[in-house]
Visitor: 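Below: one structure in structure tokens.
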Amino acid sequence: MIVEYKKNFSEITPKNGAEIKEFDREAEKKDRREIRKMLTTKMSEVLRNLGFKKAGYSLWSRKVGGLWHIVYLQRSQWSHQYYIEAGICNEKDIPGGEKLDIVFCKKRQRIADAAASIEQDRTREEEKAEEIVREKMNAINSALDFEATGAHEKYPEEYFVPSVSVKEARDKVQKIKETVGEYLPLWFTIQ
């Protein structure tokens, strides 16, 4: 059944016209590592300029008075989608002896949601405000998704499906860097 299903989808071309590269597990692992490295490097650049220091594999933090501002990068366990979450923790909420972690933050929000609330304030008077906010959120979520379009349909039995090309990933990483630089400073300021 799976063979027949795979055969039916083997000739599908993704909607955006890009070809899905043939599945090679080892090459895919290498591409994913390269994408992750690009993403953390660019995030480190922009966050360093905002006063954050890398505090772990996927965590950046800065101390502001008795508060910790935290940015956390997480990859979905189900796909090659990333999430960026911002949080504010009171120093007293972090248990003694524990490493700094986003889970201790009582105020937390994913970047697409933070951008949406900021854009709602910015565009409140505009005629198509809801559409503008929805487009911003979709653009952010699209940039954070590194899975090749149509990959699950082409390889339905695989957990590890092809990612976008490294070249396309560079463009996505640049958009993510710009998004982090634009919205996170505002989010931390209004909290």
Side-chain angles (χ1 to χ4, degrees), residues 32-126 129-147 163-164 168-191:
R32 285 179 182 229
R33 282 191 300 269
E34 187 172 342
I35 289 168
R36 176 67 180 228
K37 184 177 178 182
M38 278 191 297
L39 185 53
T40 56
T41 299
K42 290 295 183 184
M43 283 189 57
S44 289
E45 288 173 13
V46 73
L47 291 170
R48 190 177 321 113
N49 291 334
L50 299 172
F52 285 83
K53 292 183 180 177
K54 197 135 176 16
Y57 181 66
S58 301
L59 191 113
W60 293 264
S61 66
R62 69 180 178 190
K63 190 156 186 198
V64 180
L67 300 173
W68 283 98
H69 291 181
I70 297 175
V71 177
Y72 180 63
L73 174 68
Q74 177 185 8
R75 189 180 71 78
S76 168
Q77 65 181 5
W78 310 112
S79 67
H80 199 184
Q81 168 96 22
Y82 284 90
Y83 306 100
I84 299 171
E85 197 168 7
I88 299 175
C89 301
N90 284 316
E91 194 168 15
K92 63 181 178 172
D93 291 335
I94 301 168
E98 292 287 333
K99 289 183 178 181
L100 196 57
D101 197 328
I102 193 84
V103 299
F104 302 128
C105 297
K106 292 186 177 164
K107 290 183 182 178
R108 293 168 41 174
Q109 196 165 37
R110 287 189 176 169
I111 196 165
D113 297 325
S117 62
I118 290 166
E119 288 299 327
Q120 283 170 346
D121 285 343
R122 283 183 183 169
T123 61
R124 155 176 10 146
E125 303 298 320
E126 293 187 34
E130 283 184 39
E131 187 178 325
I132 293 168
V133 171
R134 190 172 35 260
E135 286 175 8
K136 284 277 188 183
M137 287 184 71
N138 287 343
I140 292 167
N141 288 327
S142 177
L144 289 164
D145 187 357
F146 290 88
E147 201 166 272
S163 300
V164 297
E168 188 177 343
R170 281 189 188 95
D171 294 339
K172 287 176 168 278
V173 168
Q174 183 60 36
K175 288 176 187 169
I176 293 166
K177 178 183 176 183
E178 292 165 5
T179 300
V180 167
E182 179 180 358
Y183 292 108
L184 288 186
L186 294 171
W187 187 84
F188 283 113
T189 300
I190 61 176
Q191 295 308 309

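Heavy-atom basis, side chains included; hydrogens, waters and symmetry copies ignored.
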Visitor: Kindly give the heavy-atom pair with the smallest separation between Ser79 and Glu147, and that separation in Å.
Guide: CB-OE1, 3.4 Å

Visitor: Considering only heavy atoms from C-beta outward, does the side chain of Ile111 approach that of Ile176 to under 4.5 Å?
Guide: no

Visitor: What is the minimum heavy-atom distance between Gly51 and Arg62, and which atoms define it?
Guide: O-CB, 3.3 Å

Visitor: Are Asn90 and Lys106 close enough, and set up right, to give a side-chain contact (heavy atoms from CB on, under 4.5 Å), and what steps lead you there?
Guide: CA-CA 8 Å; Asn90 284 316; Lys106 292 186 177 164; 5.6 Å; no

Visitor: First locate atom CG of Leu47, then atom CG of Leu73, and finally report the distance between them rounded to the nearest 0.5 Å.
Guide: 10.0 Å

Visitor: Between Gln174 and Met38, is any pair of side-chain heavy atoms under 4.5 Å apart?
Guide: no

Visitor: Any ring-ring contact (aromatic ring centres under 6.0 Å, His included) involving residues 48-69? Give me the pairs, sequence neighbours left out, ordered by first then second residue.
Guide: Phe52-Phe188, His69-Phe188

Visitor: Is any side-chain heavy atom of His80 closer than 4.5 Å to one of Ile35?
Guide: yes

Visitor: With side chains defined as the heavy atoms from C-beta onward, is the minimum distance between Tyr82 and Lys172 less than 4.5 Å?
Guide: no

Visitor: Which residues pass the side chain to side chain donor-acceptor pair (under 3.5 Å) test with Gln120, sequence neighbours left out?
Guide: none

Visitor: Around Lys175, counting heavy atoms of other residues, nucleotides and ligands shown, do more than 12 lie under 6.0 Å from its NZ?
Guide: no

Visitor: Could you tell me whether the side chain of Cys105 reaches within less than 4.5 Å of the side chain of Glu85, counting heavy atoms only?
Guide: no

Visitor: To the nearest 0.5 angstrom, please state how far the OG1 atom of Thr179 sits from the CE atom of Met43.
Guide: 10.5 Å

Visitor: How far apart are the closest heavy atoms of Lys107 and Gln191, and which atoms are they?
Guide: NZ-C, 3.9 Å

Visitor: If you define the side chain from C-beta out and look only at heavy atoms, does anything of Leu186 sit under 4.5 Å from Arg122?
Guide: yes

Visitor: Is any side-chain heavy atom of Ile140 closer than 4.5 Å to a side-chain heavy atom of Ile84?
Guide: no

Visitor: With a 4.5 Å limit on heavy-atom distance, are the side chains of Val103 and Arg108 in contact?
Guide: yes

Visitor: Looking at Tyr183 and Glu119, what are the two nearest heavy atoms and their distance?
Guide: OH-OE2, 2.6 Å

Visitor: Decide yes or no on side-chain contact (heavy atoms from CB on, under 4.5 Å) for Val173 and Phe146, but give the supporting numbers first.
Guide: CA-CA 10 Å; Val173 168; Phe146 290 88; 3.9 Å; yes

Visitor: Of the non-hydrogen atoms in Ala112 and Met137, which two are nearest, and what is the gap between them?
Guide: O-CG, 3.6 Å

Visitor: Start with the C-alpha distance between Glu178 and Val46, add both sets of side-chain angles, then the distance that settles side-chain contact (heavy atoms from CB on, under 4.5 Å), and finish with yes or no.
Guide: CA-CA 8 Å; Glu178 292 165 5; Val46 73; over 6 Å; no

Visitor: Can you tell me how far apart CD1 (Ile102) and CD1 (Ile88) are? Round to the nearest 0.5 Å.
Guide: 9.5 Å

Visitor: To the nearest 0.5 angstrom, please state how far the CD atom of Glu45 sits from the OG1 atom of Thr40.
Guide: 10.0 Å

Visitor: Once you round to the nearest 0.5 Å, how far does CG of Leu50 lie from CZ of Arg48?
Guide: 11.0 Å

Visitor: Ser58 vs Arg36, test: side-chain contact (heavy atoms from CB on, under 4.5 Å). Steps then yes/no.
Guide: CA-CA 10 Å; Ser58 301; Arg36 176 67 180 228; 2.3 Å; yes

Visitor: Run the salt bridge (Lys or Arg N to Asp or Glu O under 4.0 Å) check on Arg134 and Glu131 step by step: do they pass?
Guide: CA-CA 5 Å; Arg134 190 172 35 260; Glu131 187 178 325; 5.3 Å; no

Visitor: Which heavy-atom pair separates Gln109 from Ser117 by the least distance, and what is that distance?
Guide: OE1-OG, 4.3 Å

Visitor: CD of Glu98 to CG of Asp93: how many Å apart, nearest 0.5 Å?
Guide: 13.0 Å

